[in-house]
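To keep things clear, I will list the structure first and then write my remarks on it.
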Amino acid sequence: MIGEQTLKSRTDTGIALLEMRGISKSFPGVHALSDVSIRLRKGEVHVIVGENGAGKSTLIKILSGVYRADGGEILIDGQKVSIDNPQRALKLGVSVIYQELNLNPHMSIYENIFLGRESTVAFGVLRRGRTIDEARALLDKVGIEVSPRVLVKNLGIAQKQMVEIAKAISLNARIFVFDEPTSTLSHAETSRLFSLIRDLKASGCGIIYISHRLEEIFEIGDRCTVLRDGRFVGTRAITQMSIPELISLMVGREIDQAAQRTERFATERVVLRVEGLCYQDVLKDISFDLRQGEILGLSGLVGSGRTELAKCLIGDLRKTSGRILLDDRPVNLSRVTQALSNGIAYVSEDRKKEGLFFLHPVSTNMTIASLRRLVKNGFLRPRLEKNLCLQTGERLRIKTPGLKTQVKNLSGGNQQKVVIAKWLLTKARIFIFDEPTRGIDVGAKAEIHRIIIELLKGGASVIMISSEIPEILALSDRILVLRLGRTQALLENRGLTQEDVLGFAMGAHALGPN
Amino acid sequence: MFARVLQKYAIYFGFLAIFAVFSVLSPHFLQGQNLSNILVQASVMAIIAIGQTMVIITGGIDLSVGSIVACTSLVSAVLIVDSGMPVPVGLLIALLISLLMGFVNGFISHYGRVPPFITTLGIMSIARGAALALKGGRPVGNVPDAYEGLATTTLFGRIPIFILYIVIAYAIAYFFLMYTRHGRYIYAIGGNRDAARLSGIPVKLYGTLAYVIAGGLAGIGGILLTARLDYASPITGYGYELDAIASSVIGGTSLSGGEGNILGTLLGAVMIVTLKNGLTLLDVSAYYQQITIGVVVIMAVFLDSIKSLRAE
């Protein structure tokens, strides 16, 4: 299949293989996409870039039939199509090679490739031999040398990806979507993937390629579409674009100067020092310090190791090497309880999965990490608990029908405040906030920022992880930028722009000033 | 409004309905002697069900409690009757063995990461096998009076001591779950294991603790049963684990963990025994009694699922 249509594809660029016009999609409270258009030509690699939350994934999910767009239309070969479900997308030749691979690990390669389309003799009896032969031919095409009978769980990530591509080819896909395909691949595997992508290109397929990695974008891409906050910013030929230009398209210039924090509380006292911290192959030689009363912003793209760093600091992940010092004393943090008794609190990025007891009342959610304070003579004191919850609820302005209300019935912003309340009650002095304002409305966001600043006034120190660079710029005293598990830069937050930070996060600049 | 009240208190209405029906159909049902029989019969099960409820709240399940009842029962009888050990010593050793079996359940499930269904299924078989092997499958009879006294004592000359046991066991369990840190942790690890871990709760320790409690209460159940029947049989407690699960579930404990209340379990246990008692009075065979209980369990959970469906 690959190679047959090479000549044709060189000349055929007039009519777009795929066109998405004016696509809009909103979720409760969020405009994920508004009026986004993209044209994919035959034989091109079309890169889509944008910061975390720019709408790339939503766009892909609309193309693959996972979501339905609220507005706009999709054309394939100039024909209007409606993609109501993933099966429909496959029929139309759209295949998405997902980040989390979509294969059944307990089945063999050939069973996976032909899952749901098994060729049978009669009464469901499988035509096994022929299917295996076909699978072998496909594997040859994508260039992996394994038997089609091997179970998928025994394959490496790169091989699984190749199997997915083989499956897509067998489905006669013409539009391939790669979503961060190289995030888990080695250098050699990446170049193999790229040569396969070039083969697909040459055979007239169109490729949509989502990536954060600048060097890749410039290596494999033909054209590039930039999305920002769910809006279309522009499409350019890669050859006519420079790295600074790309970055400035991604961030735009909409930083609200008024939101910048003017009061500073940072002292010279170092409360936490991290030296040469490594965690498996995720974090490499991270060193920084945290001063009392400061907010250290932790920036980096998805996969840069931000959350892993936070979890090493609270002892939920065990660092492979390196030292952590609190007030200049080395401490052993290999359990969450140890971090807690040392006054380190972690507000997780996933409040539903890691922060809240969804079916339990607001009050028990608030006090669960600090119950020792409520015990007198071995028993919990309900009145003490109630008063403490009322006080904290008032301080954080938590809106709830009552303390006995199940926390699942609260709004996202109030749920987040309940999680914060839980950690406030532990009297921690170092707070790590992981995406503290993700998925909550603007009003609640401002309040959470206010709460974080109150903490500083009370003498605490904060590490704040955020994908929103404006948020990092607005609140941080200093900014630590991680990239691929390494410290890319440690910056004083004075006169920094979004471009500076994103540039470091994407690896456009070498190690920065400091 | 009416429908909501009906649903919220479905178990109480169900309980009242059962009482009303049996009172009408059988003249013996409401007599004091019969009611006290119900409580005596329910007591062992109700005590075992406390442990089961705690395990289920942590998100686990314990299939071994019935076998632990038999094992403890037989061990105590062998030590006291055959080896002539003093009663308190024999009981203490038997109780320690039940705690140990609970510990093994918890340890393997939490530290060994074997699903509790499998672990406790294994211990169920092992404990039952041990009980059978101990005397080659034969029962041991005629326990000393001091042992029997645990069951035959009465309060004020007429109230069976079992009622006191129930009250004490449930009072302790209630306060433990509602008014101690440890109780909160038990709910927390079943409600959201990850969040519990990140809140600094020693998840495995408390998860194991629940199984230890369940094992110990099954041991106490085995001892009380032996005292009441005056002999120990390796086939006692057969199916108790299922009755204990049924009591918890009827009482509103969620099998997905994190939810449940201990007083509901008491009601569930008494309800099952009342059903059996009433049906026996009406000359319904034991076979049909089982069918009825099966229907009640499914109904109870069904009503609960409607409730949560509505909430969504």
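Within every chain, numbering begins at 1; the chains are lettered A, B, ... in the order of the sequence lines, protein sequences first and strands thereafter. All heavy atoms count here, side chains included; hydrogens, waters and symmetry mates do not.
In summary, Asp434(A) and Arg306(A) do not engage in a salt bridge, as defined by a charged side-chain N under 4.0 Å from a carboxylate O. Electrostatic pairing of Arg351(A) and Glu435(A) does not count as a salt bridge here, judged by no charged N lying under 4.0 Å from a carboxylate O. Here Arg273(A) does not pair with Asp327(A) in a salt bridge; the nearest charged N to carboxylate O distance is not below 4.0 Å. Salt bridge status for Glu308(A) with Lys319(A): absent, with no side-chain N to carboxylate O gap under 4.0 Å. The existence of a salt bridge linking Glu447(A) and Lys417(A) is confirmed by a sub-4.0 Å separation between a basic side-chain nitrogen and an acidic carboxylate oxygen. Using a cut-off of 4.0 Å between Lys/Arg side-chain N and Asp/Glu carboxylate O, Glu468(A) and Lys445(A) are scored as salt-bridged.
At a 4.5 Å heavy-atom cutoff, the contact between Arg372(A) and chain B is made by backbone and side-chain atoms alike. Looking at Phe176(B), there are no atoms closer than 4.5 Å to chain A (heavy atoms on both sides), in backbone or side chain. For Leu356(A), the part sitting under 4.5 Å from any heavy atom of chain B is the backbone (N, CA, C, O) and nothing else. Heavy atoms of Arg197(B) lying under 4.5 Å from chain A belong to its backbone as well as its side chain. Heavy atoms closer than 4.5 Å to chain B are found nowhere in Gln338(A), neither backbone nor side chain. With a threshold of 4.5 angstrom between heavy atoms, Lys422(A) approaches chain B through side-chain atoms but not through N, CA, C or O. Using a 4.5 Å cut-off between heavy atoms, Ser341(A) makes no contact with chain B at all. Heavy-atom distances place both the backbone and the side chain of Ile368(A) under 4.5 Å from chain B.
Annotation: maximal heavy-atom pairing with chain A below 4.5 Å, among Ala196(B), Ala188(B), Ser254(B), occurs at Ala188(B). The most heavy-atom pairs under 4.5 Å with chain A, out of Gly190(B), Ser199(B), Gly191(B), come from Ser199(B).
In plain terms, the two heavy atoms of Ile448(A) and Gly413(A) that are nearest each other are CD1-O, 4.4 Å.
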